[in-house]
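Heads up, the thing below is written out as structure tokens.
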Amino acid sequence: MAPPTHKDPAQSPASPAPPGTGRSSRAADTARGSMVAPGSVLGLVLPLILWADRSAGIDFRFASYIDNYMVLQKEPAGAVIWGFGIPGATVTVTLCQGQDTIMRKVTSVKAPSNTWMVVLDPMKPGGPFEVMAQQTLGPMNLTLRVHDVLFGDVWLCSGQSNMQMTVLQIFNATGELSNTAAYQSVRVLSVSLTEAEEELEDLNAVDLPWSKPTKENLGNGYFTYMSAVCWLFGRYLYDTLQYPIGLISSSWGGTPIEAWSSGRSLKACGVPTKGSTAHDAESGPSGHSVLWNAMIHPLQNMTLKGVVWYQGENNINYNKDLYNCTFPALIEDWRQTFHRGSQGQTERFFPFGFVQLSSYLSTDNADDGFPQIRWHQTADFGFVPNLKMPNTFMAVAMDLGDRDSPFGSIHPRDKQTVAYRLHLGARAVAYGEKNLTFQGPLPEKIELLADKGLLQLIYYQRIQVQRQDKKIFEISCCSDRQCKWLPAPMNTFSSQTLTLSISSCPGTVAALRYAWTTWPCEYKQCPLYHPSSGLPAPPFIAFSTDQAPGH
């Protein structure tokens, strides 16, 4: 959904000049020419003119996001360093720590892309280091340096306005903004809001270059930089991992998934090439692939640990029924692209986490949009990882509704709980932590006890019934070839079973669903949670032929 205000990235005081116009935040390029004997000066005139002509519009530079304070992906992967230069020139990339040279890589600038690229040897987490790149062409040397570089895990955060919300906008903003001193190894970067009709090789602009966290860049304004969910997710990971974390925010409010998807993945799902979205006047770009082209594809050479995603509100009324294809297809396409772009260094099936949609006080009478998108976010399984979405993790957020949010109920302010639940999924799925509960309870078996007028749900893990609820479970009751949804009040329960009363149904029970509404419960007051982790049971729908959701 669109934020109430937008800061024009071109007006951002922290915005560097577009790539190619020089970057004041970086150490100035230094040119070193060889000493030339007076008699040979005339002989150099022609080659220098030709050299200047060839290099018109091409300067020697790093890619836009390679800068001071960056985090590069640690072992077992190798980090990719790349940039632009003069075709045919030799580029030497050196990694230094103090006076020590750690490694040196040599490559050349390729035509016609005018790019150069090296893959560093895998590095243990830590730092700081300096990365130096030197371009040599005949007698001309140009040197670039970036300093205070750390190695750790790099996560890309993307989506719409709930990902874009800054720490300034969340609960306990003052306390959170002052809590940065212990997290100077968690570095942040925020991509400028730009769109393009074709895939760009490099970012057009960066709102916030790689930076150490401060209250100024974590709370720069409303919906500018830095993403609160991204920052808090990285902070929780740092608390566990105790090594550097790099966080890249590339998100834009009011945008459908189609804007973030490549043409390939949209075609695979049969998405119409043109269509009108039901956006209000303040919505972000809705053109197909325009944000993929400008804000994701330019990052493809970067070696990543994983991605976290928070989007879906703008597909409630636009290609909603295709989201169970477009979302898994986006994940698969991003994985292929980043794996290929990083020369195989980003894992082919890198971890991908997402936030299931929260609650919304809708004035729309149609109440199935949010539940349908929540369900489609799991490819209609109800849980992740699953067969269509391997190596994924999910944060359930439907119990975090915020009636009084000054940004509208569609923008709940409790992003701490969202990020905490996300980081639990990352610890289990991305980092392989064993015996860690990272998702709430789902039933593994549903039995009809017809003689007692009950349905019995048997859960695969323990449940905590926080309160009895008469409406949150519903059954599809069918008679005379017509079906309608009726409440199935909660009856009895134990540590892993729950019975529901179905006596209100005079016919056949065809299906069961849980929390199938835009606003299922008040803040942290859904009926079912996991007792020790406090994770809510996710919504589901199951039909009479199913044993459990998703089967």
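Side chains are part of it too, since the values below use all heavy atoms of this structure and drop only hydrogens, waters and symmetry mates. Residue numbers run from 1 in the order of the sequence given.
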Given W334, which partner from the list W260, F349, W309 fulfils the ring-ring contact (aromatic ring centres under 6.0 Å, His included) test?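 The option that passes is W309.
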
Do any pairs count as a disulfide bond (SG atoms under 2.5 Å apart) and have a residue in residues 385-415, sequence neighbours left out, and if so which ones? none

Please tell me if the side chains of [X] and [Y] come closer than 4.5 Å, counting only heavy atoms from C-beta onward.
X    : Y    : answer
L512 : E474 : no
Y222 : L168 : yes
D333 : R264 : yes

Cation over ring face, R403 and W519, 6.0 Å, 45°: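 Yes.
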
Return the minimal non-hydrogen interatomic distance between [X] and [Y], and the atom names on each side.
X    : Y    : result
W231 : V186 : CZ3-CG1, 3.5 Å
A515 : R374 : O-NH1, 4.2 Å
S265 : A329 : CB-O, 3.8 Å

SG to SG, are C269 and C325 under 2.5 angstrom apart?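 Yes, C269 links to C325 through a disulfide.
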
Where the side chain of Q377 meets the backbone of L357, is there a donor-acceptor pair that is under 3.5 Å apart? yes

Regarding H288 and E258, do their side chains bring together a donor and an acceptor under 3.5 Å, going by distance alone? no

Would you call the rings of F407 and F223 parallel, tilted or perpendicular if under 30° counts as parallel and over 60° as perpendicular? perpendicular

Would the [X] and [Y] ring centres measure less than 6.0 Å apart?
X    : Y    : result
Y360 : F370 : yes
H376 : Y323 : no
F233 : W155 : yes

Output all residues satisfying side-chain hydrogen bond (donor to acceptor under 3.5 Å, both in side chains) with D399, sequence neighbours left out; order by chain, then residue number.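 Here the qualifying residues are R421, Y529.
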
Non-neighbouring partners of E347 that pass salt bridge (Lys or Arg N to Asp or Glu O under 4.0 Å), sequence neighbours left out: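 With sequence neighbours excluded, E347 shows a salt bridge (Lys or Arg N to Asp or Glu O under 4.0 Å) to no residue whatsoever.
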
